There are 2 protein chains.
Amino acid sequence: MLTYDMSDTTKPLYQHLYECVKNDILSGKLRINEKMPSKRTLADNLGISTITVENAYDQLMSEGYMYSVPKKGYFISDISEMQRVPQQVSRVLNIDKGRKNTDVVFDFSSNRTGRDDFPFSIWAKLVRETLSQKEKELLTVSPCEGIFELRQGIASHLASFRGMNVDPNQIIIGAGTEYLYSILIKLLGTDKTYAIENPGYKKLDSIYKSNGISCKHISMDEKGMKVDALAASGANIAHISPTHHFPTGVTMPVSRRYELLSWANETDGRYIIEDDYDSEFRLKGKPIPSIQSIDAAEKVIYMNTFSKSLTSTIRISYMVLPEHLANLFFKKLSFYSNTVSTFDQYVLAAFISDGYFEKHINRMRLRYGRKRAKILEMIRDIFSDNECNVIENDSGLHFLMEFNTSIPDDVFQKKLLKKKIRITSVTSCYMENKVPDKHQFLLNYSGIDMDGLGDALREIKGLI
Amino acid sequence: MLTYDMSDTTKPLYQHLYECVKNDILSGKLRINEKMPSKRTLADNLGISTITVENAYDQLMSEGYMYSVPKKGYFISDISEMQRVPQQVSRVLNIDKGRKNTDVVFDFSSNRTGRDDFPFSIWAKLVRETLSQKEKELLTVSPCEGIFELRQGIASHLASFRGMNVDPNQIIIGAGTEYLYSILIKLLGTDKTYAIENPGYKKLDSIYKSNGISCKHISMDEKGMKVDALAASGANIAHISPTHHFPTGVTMPVSRRYELLSWANETDGRYIIEDDYDSEFRLKGKPIPSIQSIDAAEKVIYMNTFSKSLTSTIRISYMVLPEHLANLFFKKLSFYSNTVSTFDQYVLAAFISDGYFEKHINRMRLRYGRKRAKILEMIRDIFSDNECNVIENDSGLHFLMEFNTSIPDDVFQKKLLKKKIRITSVTSCYMENKVPDKHQFLLNYSGIDMDGLGDALREIKGLI
């Protein structure tokens, strides 16, 4: 009869017993198919309760060390498989995240929202209200396209800010534009040919590539993507940012928008993906109508995000699908769960419907406009006309500086990085290597710290 | 000379002028390449300021209606392209979301978190603290894998709850398990053959399909996925839920876990995706070691979620990659932005590190355990042994009821739906059509309202 010392343990008795039996199985003391004593017998023998033995046996059975045969009793399993597999050893992992710890002080290469530029106190108030008033809704699964309140808010925002006439049922909300791209690729198909702007947003090329798609890179002129090059590429889908092209800042004129629509209307299966990512920040004049709003043939997929108008760290974007694609989405992809927390969706919906979003955009447009003007003034003060030419059109959160220098762009970037200044050249936004004829660099200004800007610009001037 | 009435408008003057000129261009009154008056001349003529004319001209140029030639002046553009495209008409869209409005009162088919089961007041407190103390961090872009504080919290949770020894650098956070699946497919490749459990979670099949992968469906026995069938399928990757299989509830014994590891170790490129989705809710005994924790050869990708332990509406899941796959992830896919808001990541990190998560799980385990016992008692009271047999193993948030009935499962489901009761049969979780030899149905109990449960069960009894 099995005998174990049940007094010498600080653990729960059932766990102690479990470990004793397990050790005897692993050491071979208890052999395959050996019959175990009944729970009652073992309990009596060890002077413990039957429940304790039952718990230990249950654990051993659920882990596969024992099995039971009805009306016959308990037996030891064949654990030979367990021995063949190498055992885990604890060790330090060597994971390389590919990040260089460059302690950048001045970053012209990307936009971020500054601490004073996010409406923290209003947000805190809305979170508090939402958590106390919407308990049930917060725990109810969001429909795949996002909650109605947020889609309604977005539709009314698009109506008032972009003059767009959109049905909330066309709107799909997702955790960031990149996520929505991958949904869109699933919707339109990986057998289509996609065209993106060159120069352009290189990440877009990586996203398509990681979805198994090799993109056509279509060159730009001063009006945006060239339509003849697009037509010649054989692409079905043109992915563009017409309001404020990255990196050149080109705003596509209405004539080119109509040309693109003409191209899309020539045959079935052609679409335009219109990424309107920082359209809220046209600083002067009326915004130019979106292609979506002049499209009558269901050819345009409109995309936008709260990354620029609120903060990119909140990860909420949306797309407006034409009717037939919306229907296809609900037929084909509605099994996907929405990727945005209901908590965030309800807070943002309240932020829009209570009028805070409109006020916030207006305030930020004013603030960014002033900041931009001040930066442009500093550039004029520090650089001579011969050294630096600014290329901008009162739109968006970045503009270009063109330097009169003979230093290659990559060397220029590296030298500045040594001085803790990060800057991106337009050349580096070309999909294929390109020798620059002009030395143009991006200035993303929304998150720029004005205090150190003068010094940073003077460092750049010293390099030219 | 162009003349417009500038007094008869409520709009800003520049916008009125813009519209007048635009209308004349669209109507053909102003012709292609026609020269426009200088800003000064037009301003004098209309009795308005030059700035107003400049703003109107800027708008017309940025929209492509006019162009300027340096030192020559302003001209009307060729807008013929604009005419070729059909004009948008406002209309009601006909979008079918494929949802039947069945006003379900009793839903056994899915788990949701009840209002009293989410820690609202603690959450509200942590959100308040996070918003006031972490302004800078909240606006700083999350690394692609998620913020360190949350990954560290998850690692310590896995250590204490699952006895797993995990480096926070192996952990990737994402907006839901479904999203992480798609990242994983990009990481492992669409050229691999994936195997899933049959019966199983049908959505998984849809997710793989929408990523261009046709899965092998591997049958189950009482220990989980059959290893011989898996080996015969030619699959490289086995996607399983060993702790608590959906729908059967099978807990895979340790012996089968080792068998699967042996299979994975036979050749290069084989992996096991271990979905541990409701492992926190093993109600009796010690949890069974995860396959990840007994894997010494970097063969297991471990996945888990806060959907069951907190609420699915918060959309936060994570995966633990073996070292070489973590390195591949950072090399190949680190351009992807993390899909979870930093706001939510910091709040959840605080929830874990302040010890609230552990307390919450322990409380919920107790509460769900009691609820489960009460439901099992009600089932015993209402059904005779001959009518209903319960299949459960003290694990997870669902168990099975097997009814002694001759009604086909789909008819059974439809009849109950008419009585506002939704229930899912195990048969319907088979990847291919299967005629049931047993009539087993899922009872997801975490969100069940106890008050109406007796009536619902009696409705079912009436049907048998």
Side-chain angles (χ1 to χ4, degrees), chain A residues 58-59 62-64 77 79 81-82 84-88 90 93 95-98 113 115 118 120 124 127 131 135-136 139 141 165 167 169 175-176 178-179 186 203 206 210 251 253-255 258-259 261-262 285-286 288 296-297 311 313-315 323 326-327 330 335-337 339 341-342 344, chain B residues 58-59 62-64 77 79 81-82 84-88 90 93 95-98 113 115 118 120 124 127 131 135-136 139 141 165 167 169 175-176 178-179 186 203 206 210 251 253-255 258-259 261-262 285-286 288 296-297 311 313-315 323 326-327 330 335-337 339 341-342 344:
Chain A
D58 279 355
Q59 186 70 31
S62 67
E63 294 192 11
S77 305
I79 57 152
E81 275 295 341
M82 302 189 192
R84 273 208 270 146
V85 177
Q87 293 299 301
Q88 196 175 35
S90 163
L93 297 188
I95 293 172
D96 177 13
K97 301 196 174 180
T113 306
R115 249 166 118 158
F118 185 84
F120 276 109
V127 173
L131 283 173
E135 294 195 349
K136 192 172 164 234
L139 300 178
V141 174
N165 175 21
D167 181 336
N169 289 323
E178 299 170 15
Y179 171 72
K186 291 185 177 84
K203 201 179 191 178
S206 306
S210 80
T251 301
V254 178
S255 55
Y258 277 103
E259 275 182 75
L261 278 175
S262 290
K286 221 166 61 88
I288 297 179
T311 168
T313 57
I314 208 165
R315 311 310 302 149
E323 183 178 348
N327 278 313
F330 287 109
F335 61 83
Y336 273 105
S337 304
T339 42
S341 160
T342 53
D344 301 336
Chain B
D58 279 357
Q59 186 70 33
S62 68
E63 293 194 10
S77 306
I79 56 151
E81 275 296 341
M82 301 190 192
R84 274 208 269 146
V85 176
Q87 294 299 304
Q88 196 174 35
S90 162
L93 298 187
I95 293 171
D96 176 13
K97 301 196 172 180
T113 306
R115 248 165 120 157
F118 185 85
F120 276 109
V127 173
L131 283 173
E135 295 194 349
K136 193 173 162 232
L139 300 178
V141 173
N165 175 21
D167 182 336
N169 289 322
E178 298 170 15
Y179 171 73
K186 290 185 177 82
K203 200 177 188 178
S206 305
S210 80
T251 300
V254 178
S255 56
Y258 277 103
E259 274 182 76
L261 278 174
S262 291
K286 219 166 61 86
I288 297 176
T311 167
T313 58
I314 207 165
R315 309 312 301 148
E323 183 177 351
N327 279 313
F330 287 110
F335 62 83
Y336 273 104
S337 305
T339 42
S341 161
T342 53
D344 301 336

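Below, chain A is the first sequence line, B the second, and so on; all start at residue 1. For clarity, every value in this text was computed on a predicted model and none was experimentally measured.
- Contact of A:Asp344 with chain B is made through the side chain alone, with heavy-atom distances under 4.5 Å.
- For the atom pair OG1 (A:Thr313) and CZ (A:Phe118), the distance works out to 7.0 Å, reported to the nearest 0.5 Å.
- Contact tally against chain B (heavy-atom pairs below 4.5 Å) for A:Gly176, A:Ala175, A:Ser210: the top residue is A:Ser210.
- Partners of B:Phe335 under the ring pair (Phe, Tyr, Trp, His ring centres under 6.0 Å) rule, at least two apart in sequence or in another chain, do not exist in this structure.
- To the nearest 0.5 Å, atoms CG (B:Asp167) and CG (A:Leu93) are separated by 4.5 Å.
- Only the side chain of A:Tyr179 comes within less than 4.5 Å of a heavy atom in chain B; its backbone stays farther off.
- B:Ser77 does not touch chain A: none of its heavy atoms, backbone or side chain, sits under 4.5 Å away.
- Shortest non-hydrogen contact noted between A:Asn327 and B:Asp96 is OD1-N, 2.6 Å.
- With sequence neighbours excluded, the residues forming a side chain to side chain contact (heavy atoms under 4.5 Å, CB included) with A:Asp58 are A:Glu54, A:Met61, B:Lys284, listed by chain and number.
- Side chain of B:Glu135 to backbone of A:Phe120: no donor-acceptor contact under 3.5 angstrom is found.
- In this structure, the portions of A:Val141 lying under 4.5 Å from any heavy atom of chain B include both its backbone and its side chain.
- Residue with the most contacts toward chain A among B:Thr251, B:Leu139, B:Thr311: B:Leu139 (heavy-atom pairs, distance under 4.5 Å).
- Heavy atoms of A:Ser206 lying under 4.5 Å from chain B belong to its backbone as well as its side chain.
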